[in-house]
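Worksheet: the structure to be examined is printed underneath.
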Amino acid sequence: MDPLAIRSGAMPASRVGILAEVTAFVAFTFLSRYLMSLVLWRYAGPASLLLTLALLTLYMRSRGVDWSAMGLRRLRGVRAWLMVVPQALLALPAFALVVAITTIGGPAIGLDFLREVSGGVEDRWGDVAGSLPHYLLWLAIVWTAAAFGEEMFFRGYLITRLGAAFGGGRAGALAAVFVSAVIFGYGHFYYQGLRGAVVTGGIGLAFGVMFLLFRRNLWPLILLHGVIDTLTFTALFMEWQ
């Protein structure tokens, strides 16, 4: 199925209909996260995203659409699976470049707010250091809500649907990448602050471009996302400076 050609009878095909659909799911994600944060702040983000994906999956299935239309391809054969690794490695320089530009280049040109790590980061992940239960819990979250969840929603779903809403073609796809990156960055503001929103927004931009270059294949990004976050939490657990 061509993801940019989902017609009426399935999911909305008009630009207004698609934008209404996307707005509803994005709003639900952030609203449910806020409500969950009143009870369990640390895990509200992953929980709300997984809940959104569950509802989105039911919504798509009721209209005869599955996640393969959003980039979660069915890989057939060993060779297809093996190709995911070199593709993930190709995306790594884009990730590293964005992180370097925002965390090193930004402060170098006077953007001092990019030096300041929000206190919410320590509040959320501070218990991981030296704690095997917390470490294993966050690894489970990494490979579900982060690697799969964020790539499926912010790259696969948002870029695919927004690309259609913006008229398709290269310009529409690039506009969709930019908007999805802004939403992705904003989604991290609540605990990472402005610095985190800019850094994660830049990462979302890089991953979105790679999603297009990989012909809308999510698997390399899922693998890279999971490995990077796994290494990050391993460093926290081991208390590496």
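Position 1 is the first residue of the sequence; numbering continues from there.
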Original post:
Just by distance, do the side chain of S32 and the backbone of T29 share a donor-acceptor pair under 3.5 Å?
Top reply: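 Yes; at least one donor-acceptor contact below 3.5 Å.
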Subject >> T23 side chain vs A20 backbone, donor-acceptor pair below 3.5 Å >> reply: no
What closest approach, in Å, do [X] and [Y] show between heavy atoms, and which atom pair accounts for it?
{"X": "M70", "Y": "Y157", "answer": "SD-CA, 4.1 Å"}
{"X": "V99", "Y": "T102", "answer": "O-OG1, 3.2 Å"}
{"X": "T160", "Y": "G156", "answer": "OG1-O, 2.6 Å"}

Does [X] share a hydrophobic cluster with [Y], counting links as ILVMFWY side-chain heavy atoms below 4.5 Å and allowing steps through other members?
{"X": "W143", "Y": "L132", "answer": "yes"}
{"X": "L231", "Y": "V121", "answer": "yes"}
{"X": "L40", "Y": "V142", "answer": "yes"}
{"X": "F207", "Y": "V85", "answer": "yes"}
{"X": "W240", "Y": "L136", "answer": "yes"}

Hey, what do you get for [atom1] ([X]) to [atom2] ([Y]), rounding to the nearest 0.5 Å?
{"X": "I228", "Y": "I203", "atom1": "CD1", "atom2": "CD1", "value": "7.5 Å"}
{"X": "L218", "Y": "S68", "atom1": "CG", "atom2": "OG", "value": "11.0 Å"}
{"X": "E150", "Y": "L221", "atom1": "CD", "atom2": "CG", "value": "12.0 Å"}
{"X": "R15", "Y": "L19", "atom1": "CZ", "atom2": "CG", "value": "9.0 Å"}
{"X": "T230", "Y": "H225", "atom1": "OG1", "atom2": "NE2", "value": "9.5 Å"}
{"X": "L97", "Y": "L92", "atom1": "CG", "atom2": "CG", "value": "11.0 Å"}

Subject >> Full working for side chain to side chain contact (heavy atoms under 4.5 Å, CB included) between L50 and F148 >> reply: CA-CA 10 Å; L50 291 175; F148 274 89; over 6 Å; no
How about [X] and [Y]: do any of their side-chain heavy atoms sit closer than 4.5 Å?
{"X": "E122", "Y": "V117", "answer": "no"}
{"X": "R61", "Y": "V65", "answer": "no"}
{"X": "V199", "Y": "T103", "answer": "yes"}
{"X": "P12", "Y": "R161", "answer": "yes"}
{"X": "W67", "Y": "R73", "answer": "no"}
{"X": "L158", "Y": "V179", "answer": "no"}

Original post:
Should we say atom OH of Y59 is surrounded by more than 12 heavy atoms from elsewhere, each under 6.0 Å from it?
Top reply: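 Above 12, so yes.
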Original post:
Charged N to carboxylate O below 4.0 Å: is that the case for D112 and R195?
Top reply: no
**OP:** Answer with yes or no whether the side chains of Y135 and T234 bring together a donor and an acceptor at under 3.5 Å.
**Re:**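 Yes, side-chain donor-acceptor contact under 3.5 Å.
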**OP:** Classify the ring geometry between Y191 and H188 as parallel (under 30°), tilted (30 to 60°) or perpendicular (over 60°).
**Re:** tilted
Original post:
Do the ring planes of W138 and W125 sit parallel (below 30°), tilted (30 to 60°) or perpendicular (above 60°)?
Top reply: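 Rings of W138 and W125: perpendicular, over 60°.
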Original post:
Do the numbers put R33 on top of the ring of Y190, so that NZ or CZ is under 6.0 Å from the six-membered ring centre and no more than 45° off the axis?
Top reply: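 Flagged: R33 positioned over aromatic ring of Y190.
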Original post:
Of F189, F153, F211, F154, which meets ring-ring contact (aromatic ring centres under 6.0 Å, His included) against F184?
Top reply: F154
**OP:** Carefully, step by step, assess D123 and R42 under the rule salt bridge (charged side-chain N to carboxylate O under 4.0 Å, His left out).
**Re:** CA-CA 8 Å; D123 291 342; R42 287 181 181 174; over 6 Å; no
